[in-house]
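Because the structure is a prediction, the values reported are computed rather than measured. A note on names: the letters A, B, ... follow the listed sequences, proteins ahead of strands, and every chain is numbered from 1.
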Amino acid sequence: MGLVNGTISYLRFVANGVPEAFEEAYCAALREHRFHEIDPNSDLERSTGWVQFEDAFSSDWDPGTFVTPSGHVLLRLRVDTLKIPAVTLKAYVEQAARERCAADKRDKLIRREIDVLKLEVKKGLRKRSLPRMQLLEVCWTIATGEVRLMSTSRAAATLFVESFEKTFHQELKPVGLLSVLWLRGMDDAEIDHLAGLEPEPFHLARI
Amino acid sequence: MAETSRERYAFLGREFLTWLWYESAHNNSRVQTDTFGAVQVEFGQRLTLETGGNVREGSTVSADAPTETEEARTALRTGKKVSRARLILEVADKHYELGIDAETLTLSQLKLPVVSGGEDLWRIEERLKLLDEVEAIIDELYVAFVRLRRDEEAWGRVREAMREWVLEVPA
């Protein structure tokens, strides 16, 4: 699913124009905001950053090939989530508590011991788990400033806009019912004129 | 341009898709565009109609030809307009299928003509050309509708024809 094959669902945005010889600066900006793997020994549950379009494990952009022959910049925003589900964690903590009680020949653990056990179990489970990887495809048409995010999820869009603006220092505006008119050549006066329109009640007979 | 007034203008999107249904129904499924000539527009599989305003009432029709159903016509007669649709477009020898949301013009589950062979980058660039084309068709149809909508004289005629169409009882 996405740009390479399958069906496409996407959201449209528009960015400002790019500066002269932007390739070098934008590649450096992407490297600065590249994806970093989650360290399972840490408490980090989510990591977001840019990766190469063709390789989810590479963050090395070449200014010479940054823009495709037809004038697009193709990127992927990688979002990894390493979170142990609460139900899973609870079950493993209960099991570990039973084992500890059996080993110590005790009936139950005190609150503080359970808290420490919970941290140990969580760390162990994080080391055994693989992060859930999400790859958001992005296509930026340099000539027009149009940016397409190949997802219609609101959460993905929020994350994407935040990352894009932080990386390229550009404001990204969503394309909607009014801005598409402007993109397709309507002038401000024509668009302003729409303010006087009201919904048509097609279902009501003429009076 | 910020879409701060998204709610204010949502009716334009619903009227656009309803007009597209009307145009398609009255022109043998063909809608004229300046850039692409006659585009065949059909409504497929799933159609949602809603009232506007704060309290939304909606009807979703699932059928092979949802615009042919009495349920969809009844929804129109009770003041609902198309809020989401599955469109099938034919232009030249190309076939597109897509879901469209009236309030945002967001395209989803878009099926492009098959591009086979070649390397990934070549295939992506070919698919982007097709994406540009289908997006341009939808945008052009929408811009044409908005230009018509703001032309009081021309719109007056279309509005009366659409009212008659909405209120007519199908044979």
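Here the CG atom belonging to B:Asn27 is positioned 12.0 Å from the CD atom belonging to B:Gln40, to the nearest 0.5 angstrom. Taking CD from B:Glu140 and CD from B:Gln32, the interatomic distance works out to 10.0 Å, rounded to the nearest 0.5 Å. Interatomic distance, NZ of A:Lys118 versus CD of A:Glu113, reported as 15.5 Å (0.5 Å rounding).
No more than 12 heavy atoms of other residues, nucleotides or ligands sit less than 6.0 Å from atom CG of B:Asp64.
Contacts between A:Glu190 and chain B at a heavy-atom distance below 4.5 Å involve backbone atoms as well as side-chain atoms. Neither the backbone nor the side chain of B:Arg14 comes within less than 4.5 Å of any heavy atom of chain A. With a threshold of 4.5 angstrom between heavy atoms, B:Leu112 approaches chain A through side-chain atoms but not through N, CA, C or O. Both the backbone and the side chain of B:Ala136 have a heavy atom closer than 4.5 Å to some heavy atom of chain A. In this structure, chain B has a heavy atom under 4.5 Å from the side chain of A:Glu146, while its backbone stays farther away. With a threshold of 4.5 angstrom between heavy atoms, B:Ile124 approaches chain A through its backbone and through its side chain.
Relative orientation of the A:Phe168 and A:Trp50 rings is tilted, given thresholds of 30° and 60° on the angle between their planes. The aromatic rings of B:Trp21 and B:Phe43 sit tilted relative to each other, their planes meeting at an angle between 30° and 60°. Relative ring orientation between B:Phe145 and B:Phe16 is described as tilted, the plane-to-plane angle lying within the 30° to 60° band.
Contact count versus chain B (heavy atoms, under 4.5 Å) is highest, among A:Cys139, A:Ala195, A:Gly185, for A:Ala195. Contact tally against chain A (heavy-atom pairs below 4.5 Å) for B:Lys81, B:Lys129, B:Lys80: the top residue is B:Lys81. For the set A:Leu183, A:Leu197, A:Thr152, A:Thr141, the count of heavy-atom pairs under 4.5 angstrom toward chain B peaks at A:Leu197. Between chain A and the residues B:Arg147, B:Glu126, B:Glu97, B:Met162, the most heavy-atom pairs under 4.5 angstrom are made by B:Arg147.
Taking 4.5 Å as the heavy-atom cut-off, the residues of residues 57-81 of chain A that approach chain B are A:Thr68, A:Pro69, A:Ser70, A:His72, A:Leu74, ordered by number.
The backbone N or O of B:Arg30 sits nowhere less than 3.5 Å from a side-chain atom of B:Asn28 that would complete a donor-acceptor pair.
In this model, a donor atom of one side chain and an acceptor atom of the other lie less than 3.5 Å apart for B:Glu133 and B:Tyr96. Between B:Ser62 and B:Arg46, the side chains place a donor N or O and an acceptor N or O closer than 3.5 Å (distance only, hydrogens not considered).
Between A:Ser151 and A:Gln134 the shortest side-chain heavy-atom distance does not fall below 4.5 Å.
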